[in-house]
Amino acid sequence: MGKQDGRERQVTVGVIDSSTAPILHVDMDAFFASVELLDHPELVGKPVIVGHNSPRSIVTAATYEARKFGVNSALPMAIALRRCPQAIILEPHYERYQHYSKQVFSICDELTPAVERLGIDEAFLDVSGARSLFGSPQQVAELLRARVRAETGLVCSVGAAATKYVAKVASGLSKPDGLLVIPRDETVAFLHPLPINKLWGVGAKTEEVLRARGFSTIGQIAHADVDTLRRAVGDSGARRLHDLAWGRDDRVVHAGAEEKSVGHEVTFSTDVTDAGDLRRELLRLSNMVAVRLRRHGVLTRTVVLKLRYDDFTTITRSRTIAEPTDLGKIVYDEVRSILESEWAGRPVRLIGVRGEQLVHPDGVAPALWDDAADWREAESVMDAASDRFGRGAVRPAALLGHRATERPRLGQRD
DNA sequence: TCTGGGGTCCTAGGACCC
DNA sequence: TCTGGGGTCCTAGGACCC
């Protein structure tokens, strides 16, 4: 499905001058679900849901056949199955998605050096310098879509516009399997009839606030009284929404942006009240964070513990440490000590560890003596062993013998 | 209907320094 | 004795996005 839509749109843009629309937004269609269908061709055309089939799970991705029943990402699995009982549920396979993601991004990289990744299945491209090699923005977009389809078997949608924001809206409206070009001088006419939730940064809460004040379209935001808007969403929010509503967005495509934090968290299948269980999970998460820090070659200055209690209230407690670290033991010592001062026995639904304020080792003065040297050596050995024998091949002794009982009862794995 | 896991950005208050 | 304003860092929470 969607093929016809795509073809019609390509025809409608065939006569358009796309030279004023050099920012492309590429978005894979139903990405995880589509990858699963490559591995299960017999399920093509059926309602397929990707996600864990357990009580506290949510839908990770759904095919368009499943979406017809009102099944979308982030919907609780229980509700999804009520809406679409015949749906086929597939467990996610993140390594597969990563693999296809790399393929798609490397196609992008071959078309322009200005590629900014957004998560696993989206990117912005600035193709203003690609004209002599590959043609107009529209021609680059068509080439990109054709190559993605030919080389991966997957389908993507592309929006082309003068700004990132408009390109993103355009790709969304062209889905599935579409291409939509919005030349600069058509920007305002394109935006103004759209509903306010198409504004970047307007989610459920802000939409409610804006609707309560009588705003329902982007055009109304554009022509709004500034003070009314300011009272609704604050000073900077008002300015941002007003600019977006006129298509003003000066953010450039930023290639090679670095991550600003790394974290892991897990929701237990049943709430946890045992301190030992929490500590063991904390150790596991701390080590996962540390592995990623070392892999990125960065150190964290601020360690964050996150707890969600049984009533869904969520707290975060952070601590900035004297000596930035990439060691699981140091991260663990910090979050465990925060847990001890913060947690009084309330049932815990979710626990998480995050490292913020990432710095490069060169940016900090090397310590004259290094107490952590032994630990660094030990954990490097573990990294090497994990690379050779697979994740989980080596783990701290405190986690040994607990695997069956203390692994998260609802995790990324089956 | 009951809510995952990975992130980013913004706000706001308090500490601290000049 | 009572009183400034600006700048920066740290912390906590919340909205939002994919």
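Just so it is clear: chains get the letters A, B, ... in the order the sequence lines come, proteins before strands, and each one is counted from 1.
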> Taking the same atom, C1', in B/dT3 and in C/dC16, what whole-Å distance lies between them?
Replying inline: 16 Å
Rounded distance (Å) that lies between atom [atom2] of [N] and atom [atom1] of [X]:
{"X": "A/E207", "N": "C/dC17", "atom1": "CD", "atom2": "P", "answer": "10 Å"}
{"X": "A/E208", "N": "C/dA15", "atom1": "CD", "atom2": "P", "answer": "11 Å"}
{"X": "A/Y165", "N": "B/dC9", "atom1": "OH", "atom2": "P", "answer": "19 Å"}
{"X": "A/F312", "N": "B/dC2", "atom1": "CZ", "atom2": "P", "answer": "12 Å"}
{"X": "A/K205", "N": "C/dC17", "atom1": "NZ", "atom2": "C1'", "answer": "16 Å"}
{"X": "A/N197", "N": "C/dA15", "atom1": "CG", "atom2": "C1'", "answer": "15 Å"}
{"X": "A/L307", "N": "C/dG13", "atom1": "CG", "atom2": "C1'", "answer": "14 Å"}
{"X": "A/I351", "N": "B/dG6", "atom1": "CD1", "atom2": "P", "answer": "13 Å"}

Closer than 4.0 Å, any side-chain N/O of [X] to the OP1 or OP2 of [N]?
{"X": "A/R240", "N": "B/dC9", "value": "no"}
{"X": "A/R319", "N": "C/dC10", "value": "no"}
{"X": "A/Q357", "N": "C/dC9", "value": "no"}
{"X": "A/T60", "N": "B/dG5", "value": "no"}
{"X": "A/T314", "N": "C/dG13", "value": "no"}
{"X": "A/R117", "N": "C/dC18", "value": "no"}
{"X": "A/T267", "N": "B/dG5", "value": "yes"}
{"X": "A/R308", "N": "B/dG4", "value": "yes"}
{"X": "A/T206", "N": "C/dC16", "value": "yes"}
{"X": "A/H264", "N": "B/dG6", "value": "yes"}
{"X": "A/S236", "N": "B/dT11", "value": "yes"}

>> Testing A/D310, A/L278, A/L350 one by one against A/V272 for a side-chain contact (heavy atoms from CB on, under 4.5 Å), which residue passes?
In response: A/L278
> Just checking A/V262: base, sugar-phosphate only, or nothing, at a heavy-atom cut-off of under 4.0 Å?
Replying inline: sugar-phosphate
> Heavy atoms under 4.0 Å, any strand shown: does A/G263 hit a base, just sugar-phosphate, or nothing?
Replying inline: sugar-phosphate
> Hey, are A/K168 and A/E122 close enough for a salt bridge, meaning a charged N less than 4.0 Å from a carboxylate O?
Replying inline: yes
> Taking the nucleotide of DNA chain B with the closest heavy atom to each, which residue, A/K260 or A/R349, is nearer the 5' end?
Replying inline: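 It is A/R349, whose closest nucleotide lies nearer the 5' terminus.
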> Taking for each residue the nucleotide of DNA chain B with the nearest heavy atom, is it A/L350 or A/E259 whose nucleotide lies nearer the 5' end?
Replying inline: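 By nearest-heavy-atom nucleotide position, the 5'-most residue is A/L350.
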> More than 12 non-hydrogen atoms from neighbouring residues, nucleotides or ligands closer than 6.0 Å to CZ on A/R240, yes or no?
Replying inline: yes
>> Just checking A/E42: does its CD atom have more than 12 heavy atoms from other residues, nucleotides or ligands closer to it than 6.0 angstrom?
In response: yes
When you measure from the side chain of [X], which nucleotide among [options] comes out closest?
{"X": "A/E265", "options": "C/dT11, B/dG6, C/dC18", "answer": "B/dG6"}
{"X": "A/S261", "options": "B/dT8, C/dC18, B/dT1", "answer": "B/dT8"}
{"X": "A/I315", "options": "B/dG4, C/dC10, C/dG13", "answer": "C/dG13"}
{"X": "A/R354", "options": "B/dG6, C/dC18, B/dT3", "answer": "B/dG6"}
{"X": "A/A74", "options": "B/dG4, C/dA12, B/dC2", "answer": "B/dG4"}
{"X": "A/I79", "options": "B/dG4, C/dT11, B/dT1", "answer": "B/dT1"}

>> Using the rule given for side chain to side chain contact (heavy atoms under 4.5 Å, CB included), can you reason through A/H93 versus A/E36, listing the C-alpha separation, both sets of side-chain angles and the distance that settles it, and then say yes or no?
In response: CA-CA 8 Å; A/H93 299 91; A/E36 293 299 332; 3.0 Å; yes
>> Does the structure show a Watson-Crick or G-U wobble partner for C/dC16, both distances under 3.5 Å? Name it, or say none.
In response: B/dG7
> Can A/S171 and A/S174 be counted as having a side-chain donor-acceptor contact under 3.5 angstrom?
Replying inline: no
>> For a salt bridge (Lys or Arg N to Asp or Glu O under 4.0 Å) check, start with the C-alpha distance between A/D235 and A/R230, then their side-chain angles and the critical distance, and finish with the verdict.
In response: CA-CA 5 Å; A/D235 216 11; A/R230 214 175 266 155; 2.8 Å; yes
